Amino acid sequence: MAALESPQPAATATAMRHAFGNVLSVLILVLIGVLAFSIRLFSVIKYESVIHEFDPYFNYRVTQFLSKNGIYEFWNWFDDRTWYPLGRVIGGTVYPGLTLTAGTIWWVLNSLNIPLSVETVCVFTAPVFSAFASWATYLLTKEVKGSGAGLAAAVLLAMVPSYISRSVAGSYDNEAVAIFALIFTFYLYIKTLNTGSLFYATLNALAYFYMVCSWGGYTFIINLIPMHVLLCIVTGRYSPRLYIAYAPLVVLGTLLAALVPVVGFNAVLTSEHFASFLVFIIIHVVALVYYIKGILTPKMFKVAVTLVVSIGMVVCFIVVAILVALVASSPTGGWSGRSLSLLDPTYASKYIPIIASVSEHQPPTWPSYFMDINVLAFLVPAGIIACFSPLSDSSSFVVLYIVMSVYFSGVMVRLMLVLAPAACIMSGIALSQAFDVFTGSIKYQLGGSSKSTDDAEDTSNAPKDDASAGKTDKGEEIVKERSSKKGKKKEREPADKPSVKSKAKKKALVLPLETSVVALLLLIMLGAFYVIHCVWAAAEAYSAPSIVLTSQSRDGLHVFDDFRESYAWLSHNTDVDDKVASWWDYGYQTTAMANRTVIVDNNTWNNTHIATVGTAMSSPEKAAWEIFNSLDVKYVLVVFGGLIGYPSDDINKFLWMVRIGGGVFPHIKEADYLTLNLNLVTY
């Protein structure tokens, strides 16, 4: 009886340990969520609760319209305050995910008698979703390398400066919710890949739909996942789980994506989506081959494979021919200008100056990586190595993710935001593996006395164990001989070999005590340096709203509120129907804060209209007056920052006005605006 009852306390202790670990993990995740939210509040504490930058003001204005007029009016809203005299259909030209999310939060809070304004909800949407993104990172990394790596990755993402730059309080842009959707979609893909569950596959398609609604960066998902599927097929890792993870995503995801008005039939007609369809055909051919292999004899299988491969190649040839025909009919090969800029970094500067003029579309410098991901840049290689021991479908996916995100971040500084989650996942894996090795070594070294006693006992009991193991092996061999068919070799699997291998592996990972302690201290110092840098970046580098300028002098901190004062002047001193011309950077703010009609804005959908304004800005006064008069312009907004040294004024942007205007109107030549006097150039 004692022998039967003895395992029960051990099992109870194990269950208690697991329960305590789960509770502790939940508590840590809650604290990580609080950290992710609170570290993004410096802008509100130092300044005020205000919308930042340029694009967020348009999103805020659309959310106001949605909360006031309802969703049906939102889908059919024609905005005559922008792009005069053309106007803009808002419902069909925006990614509605952010607006619908914030509008839903506002409606729920007001239904619960929590009377928050629309502006307050918009200001704090990004910090709230940063907590969600941290939790999604935990779930994704846990599927790859366990809970320890997941917690490490989550806390790293909560503080990483690259993500903070786009999710501080007041940064009401699409990326505020899109990064969460990106990570959560990847998590559900990996979860489906590990479980083969159709339930998670369906959730994956829904998460992809939310990503499509939120940001144009959804094309990164619909190209990265097919690349991983193709990688698994080529490396011989095909399984039914891979099929279940991919096929429903392509079918349901594409159908749902086509429901988003701004995407529509582009989900099946543009080159960004063709890779997913091609891999969809390939995986069906591979699935058919595996199915035939299971029901036919080897001889018949060779004949069938030849037939299937031949038919598959014909189908692929037909599909490729159709795609080539569609691509040939487009002057850009079916690719959007931004996609071509990613594939060819010089494309925008050669052919689309409007894209090249945006600062966030420029390639980053090396210091940008240290600024935005800091010490993670040194931990990522260690995480990649850890993913190869052992290599699984999920670990190969995150390796592919980091490789692709590194490339795209090197092309466009804005896509450092896509690199941040991948870098945090890899760094979390590296830190978790390192802590496991170092703490395990310390435990092993400190438990040396008891370990030697245990080894002596193991040595004394070794002959008995070997004898019993030998009997067990002999019995297993007899059973295998009876159950095996004729012609099959008798397998012999000694029970002691795995234990020997595991002991050898365990001893190989044991480091000296001093080395382990020093390494742990260095990792803690590295983490402390990362925390200090992230807090500084959140408090100083990324907390200041661009609409409120500050400068430091001997007299202290000076705050320049010229932007809001100028928009307030326009609102109070001009007629409601007056038209205001400015460079496209200030269009969203003028419409949202001054409530005046603008000629162009930050949507940049009509290059000719922007070129017209650029031509007027770069023309003599009489010619400029004629252009503005033809557009019914009453006021021209020009930003000059020479007095306080503001570097992003219209003088700085003037050459882009010339280049964009000259791209449509040939009489505007950049050379005419450049001096040939080298002495003047040096000044």
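Positions are given from 1, in the same order as the sequence printed here. Please read all numbers here as calculations on a predicted model, not as lab measurements.
Smallest separation of non-hydrogen atoms from Thr82 and Arg61: CG2-NH1, 4.2 Å. Contact between Ala176 and Tyr163 at its shortest, heavy atoms only, is O-OH, 4.1 Å. Across all non-hydrogen atoms, the minimal contact from Cys232 to Asp393 is SG-OD1, 4.1 Å.
A donor-acceptor pair is defined here as one N or O able to donate and one able to accept, closer than 3.5 Å; such a pair exists between the side chain of Ser171 and the backbone of Arg166. A donor-acceptor pair under 3.5 Å is formed between the side chain of Thr254 and the backbone N or O of Val250. Side-chain atoms of His273 come within 3.5 Å of backbone N or O of Asn266 as a donor-acceptor pair. In this structure a side-chain-to-backbone donor-acceptor pair under 3.5 Å is present from Asn602 to Tyr588. Using a distance-only test at 3.5 Å, with no hydrogens or angles considered, no donor-acceptor pair links the side chain of Tyr238 to the main chain of Val229. Formation of a donor-acceptor pair under 3.5 Å by the Asn69 side chain with backbone atoms of Phe65 is found in this model. Although no hydrogens or angles enter the test, the distance criterion places no donor-acceptor pair under 3.5 Å between the side chain of Ser395 and the main chain of Leu391.
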Inset, instruction - Apply the test side-chain hydrogen bond (donor to acceptor under 3.5 Å, both in side chains) to residues Trp83 and Asp601: give CA-CA distance (whole Å), side-chain angles for both, the deciding distance (0.1 Å), then the verdict. - result: CA-CA 7 Å; Trp83 292 92; Asp601 63 24; 2.7 Å; yes

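Between Tyr172 and His52, the distance separating the two ring centers is not shorter than 6.0 angstrom. Taking the six-membered ring for Trp, Phe186 and Tyr401 have ring centres closer than 6.0 Å.
A salt bridge does not link Glu73 with Lys68: every distance from a Lys NZ or Arg NE/NH1/NH2 to an Asp or Glu carboxylate oxygen is 4.0 Å or more. Look at Asp80 and Arg88 and you find no salt bridge, because none of the NZ, NE, NH1 or NH2 atoms lies under 4.0 Å from a carboxylate O.
A donor atom on one side chain and an acceptor atom on the other are not found under 3.5 Å apart for Thr192 and Tyr246.
Aromatic ring pairs are classed by plane angle as parallel below 30°, tilted from 30° to 60° and perpendicular above 60°; the pair Trp135 and Phe132 is tilted. By the 30° and 60° cut-offs, the orientation of the rings of Tyr210 relative to Phe180 is perpendicular. Ring geometry for Tyr60 versus Tyr57: interplanar angle over 60°, hence perpendicular rather than tilted (30 to 60°).
Residue Phe265 places its CZ atom among 12 or fewer non-hydrogen atoms of other residues, nucleotides or ligands, all under 6.0 Å distant.
For Arg81, there are no salt bridge (Lys or Arg N to Asp or Glu O under 4.0 Å) partners at least two apart in sequence or on another chain.
Between Leu431 and Leu156 there is a side-chain heavy-atom pair separated by less than 4.5 Å. Counting only heavy atoms from C-beta outward, the side chains of Leu419 and Ser162 never approach each other to under 4.5 Å. In this structure, the side chains of Leu182 and Phe220 come closer than 4.5 Å at one or more pairs of heavy atoms.
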